[in-house]
Asker: 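Okay, handing you the structure first.
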Protein chains: 2
Amino acid sequence: MADRAGEEERLAFLSRSEFFGGLDPEGLERVYRAARAHRLAPGEICFHQDDPADRLYLLVSGRMKLTQVTPDGRQVLLRFVEPGGMFGGIALFVRERYPAAAEAVSESELLSWDGPTMQELVQAEPKVALNVIQHLAAMVKSLQDRVRALSTERVEQRLARALLRLAAQSHGAAGPGEPRILRLTRQDLGELTGTTLYTVSRVLSRWESQGLIESGRERIVIRDPGRLAALVQDPEV
Amino acid sequence: MADRAGEEERLAFLSRSEFFGGLDPEGLERVYRAARAHRLAPGEICFHQDDPADRLYLLVSGRMKLTQVTPDGRQVLLRFVEPGGMFGGIALFVRERYPAAAEAVSESELLSWDGPTMQELVQAEPKVALNVIQHLAAMVKSLQDRVRALSTERVEQRLARALLRLAAQSHGAAGPGEPRILRLTRQDLGELTGTTLYTVSRVLSRWESQGLIESGRERIVIRDPGRLAALVQDPEV
DNA sequence: GGCTGTCTTTGCGCGCGCGCAAACGTCCCT
DNA sequence: AGGGACGTTTGCGCGCGCGCAAAGACAGCC
């Protein structure tokens, strides 16, 4: 049973989300009433790859990761989703099946809407349509960057780039606390940058010995963002 | 001076384009009147990378290619645009500068609209908003595929995949004429699949000697789509 | 506390694919 | 018809990064 305070809080959260920002109060209310709530334990799967794509998800708290598996068993990590972020959206508009699986990294709360509701909402609310367009356009841009990186850069550069990007996005999500601790495995980083956990481990080890970073089990701290950024530009002298 | 027949033809073309399909006649008319027409010679540039992004383009006839240059001079070919296709659209909604350059491959006719017009149109016409969303969602899907390919597949697989995709999209654009002749250089193929023109040349030579394809200067004909498709799945026995 | 599972490190060797160089083929232009 | 620009082919060598194997470190659990 949702108390009024909880509901107001959730409405405020909705109004700050990528898709529903800028919506008028009654619109928000309607959106909120159409939502279904979910709670996932760490490691739990929200949907599998190739499941019929019928819902759009908003992450309220926790952390999700979206991964793709190739026919021959190799994995690719598409992206992490931070609170306020949405996923499952592409499929709603173009595909009948999810192109990736969504897994909870930590305990996560979600809200979700079904396809028809979203389609209708997009048609009825221009602001939502514009939000969706901007969200998709941002994804296109980020994917284009990734394609360029994979096509032209060496592993080291891609890794440096990935670390900085992860730091930036986790910084945006969490408070502006100085120490940016990235919580992911070497395997995750490899799948994110198109390399293997072995190569990731070797590169990180060297960087640690050079004082660029500090690392442990599922933990990476960037000590020298400047030199890391320099590495992105320059294939190291 | 546009005669009535030419205008009706162009309106019909608009109604078949990615963004304006499903629009009512008066809407189409309005869109058409807001358009500016362009004609480009082969090799001519529509816009350069990092130019201020203020227009959306629709290719009426001809062929364009979108390329990105990295700081260190390497090139990436994002995609070819066939007649009926749009480009420059992402930038309008999220970015103030074009992330890539657009160059005419052959003599090309274009229509274009400015940013404010499009923004307004998206808000006023739900159908256009939905079209834009679907177009962007399709790009996201295709880019995700490309990232997966670059991350997990060998050069041979990526090349086979690219050839089949190019054949499909040029088939869609042109008539269903049996012989699918791809017109691009080894360099283009390299930039499209994240490899070098040398490697492309070597692979194509071998495929030609095996009867998979037939090739010449700026010309590739797929002779055995089946075996090529098999190559995509299987890293070759 | 010890034990188990997961994550990480490092050695070792090999092969894919890069990248330079140079020759060759093909098309276009005058 | 000739010339020149541009695309293509191929040889050669090397180095990045893969991928297996096995040991080591860390956290959680009972």
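Since this is a predicted model, take the numbers as computed values, not measurements. Below, read A as the first sequence line, B as the second, and so on, with proteins coming before strands; counting in each chain starts at 1.
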Asker: Are the side chain of Gln49(B) and the backbone of Val69(B) linked by a donor-acceptor contact shorter than 3.5 Å?
Answerer: yes

Asker: Students often mix this up, so state it plainly: with edges at 30° and 60°, are the rings of Phe87(A) and Tyr57(A) parallel, tilted or perpendicular?
Answerer: parallel

Asker: For Arg202(B) and Thr199(A), take the nucleotide of DNA chain D holding the closest heavy atom to each; which residue's nucleotide lies nearer the 5' end?
Answerer: Arg202(B)

Asker: Decide side chain to side chain contact (heavy atoms under 4.5 Å, CB included) for Ile220(A) and Arg186(A); before the verdict, give the C-alpha distance in whole Å, the side-chain angles of both, and the deciding distance to 0.1 Å.
Answerer: CA-CA 10 Å; Ile220(A) 301 172; Arg186(A) 309 292 186 261; 3.9 Å; yes

Asker: Just call it for Arg183(A): base, sugar-phosphate, or nothing, with non-hydrogen atoms closer than 4.0 Å on any strand.
Answerer: nothing

Asker: Starting at atom CG of Leu204(B), determine the distance to atom P of dT8(D), rounded to an integer number of angstrom.
Answerer: 9 Å

Asker: Distances under 3.5 Å between protein N/O atoms and the N/O atoms of nucleotides 26-30 of chain D, please, pair by pair.
Answerer:
unit_1  : atom_1 : unit_2    : atom_2 : d
dC26(D) : O2     : Arg217(A) : NH1    : 3.0

Asker: Can you tell me which nucleotide in dG7(D), dG11(C), dT8(C) comes closest to the side chain of Glu218(B)?
Answerer: dG7(D)

Asker: Do Arg39(A) and Glu107(A) meet the salt-bridge criterion of a basic N to acidic O distance under 4.0 Å?
Answerer: yes

Asker: As a test of reading the structure: which of dC7(C), dT10(D), dG19(D) is closest to the side chain of Thr185(A), going by heavy atoms?
Answerer: dC7(C)

Asker: I need the Leu164(A) CG to Leu228(A) CG distance, nearest 0.5 Å.
Answerer: 4.5 Å

Asker: Please give, in whole Å, the distance from dC7(C) P to Arg186(A) CZ?
Answerer: 11 Å

Asker: From CD1 of Ile220(A) over to P of dC7(C), roughly how many Å is that when rounded to an integer?
Answerer: 14 Å

Asker: So, is Ser205(B) close to the dT10(D) phosphate, meaning a side-chain N or O under 4.0 Å from OP1 or OP2?
Answerer: yes

Asker: By nearest atom, which of the nucleotides dC18(C), dC12(C), dG19(C) is closest to the Tyr198(B) side chain?
Answerer: dG19(C)

Asker: With a 4.5 Å cut-off on side-chain heavy atoms, are Val155(B) and Thr193(B) touching?
Answerer: no

Asker: Is a donor-acceptor contact shorter than 3.5 angstrom present between the side chain of Arg74(B) and the base of dG19(C)?
Answerer: no

Asker: Could you state the atom-to-atom distance from CD of Glu191(B) to P of dG19(C) in whole Å?
Answerer: 13 Å

Asker: To the nearest Å, give me how far apart CG (Leu197(B)) and P (dC18(C)) are.
Answerer: 10 Å

Asker: State the OG-CZ distance between Ser151(A) and Arg146(B), to the nearest 0.5 angstrom.
Answerer: 6.0 Å

Asker: Does a side-chain N-to-carboxylate-O contact under 4.0 Å join Arg223(A) and Glu214(A)?
Answerer: yes

Asker: So do Ile181(B) and Val221(B) actually touch side chain to side chain, heavy atoms under 4.5 Å?
Answerer: yes

Asker: Under 3.5 Å, which protein N or O atoms sit close to an N or O of nucleotides 14-16 of chain C? Give each pair with its distance.
Answerer:
none

Asker: Output the rounded distance in Å from CG (Leu189(B)) to C1' (dT8(D)).
Answerer: 13 Å

Asker: Return no unless some side-chain N or O of Thr196(B) is found under 4.0 Å from OP1 or OP2 of dC18(C).
Answerer: yes

Asker: Can you tell which of dC20(C), dT8(D), dT9(C) lies closest to the side chain of Ser215(A)?
Answerer: dT9(C)

Asker: Please work out if Ser201(B) contacts a base, only the sugar-phosphate, or nothing of the nucleic acid, heavy-atom cut-off 4.0 Å.
Answerer: base

Asker: Quick one: are Leu163(A) and Leu189(A) in side-chain contact, heavy atoms under 4.5 Å?
Answerer: yes

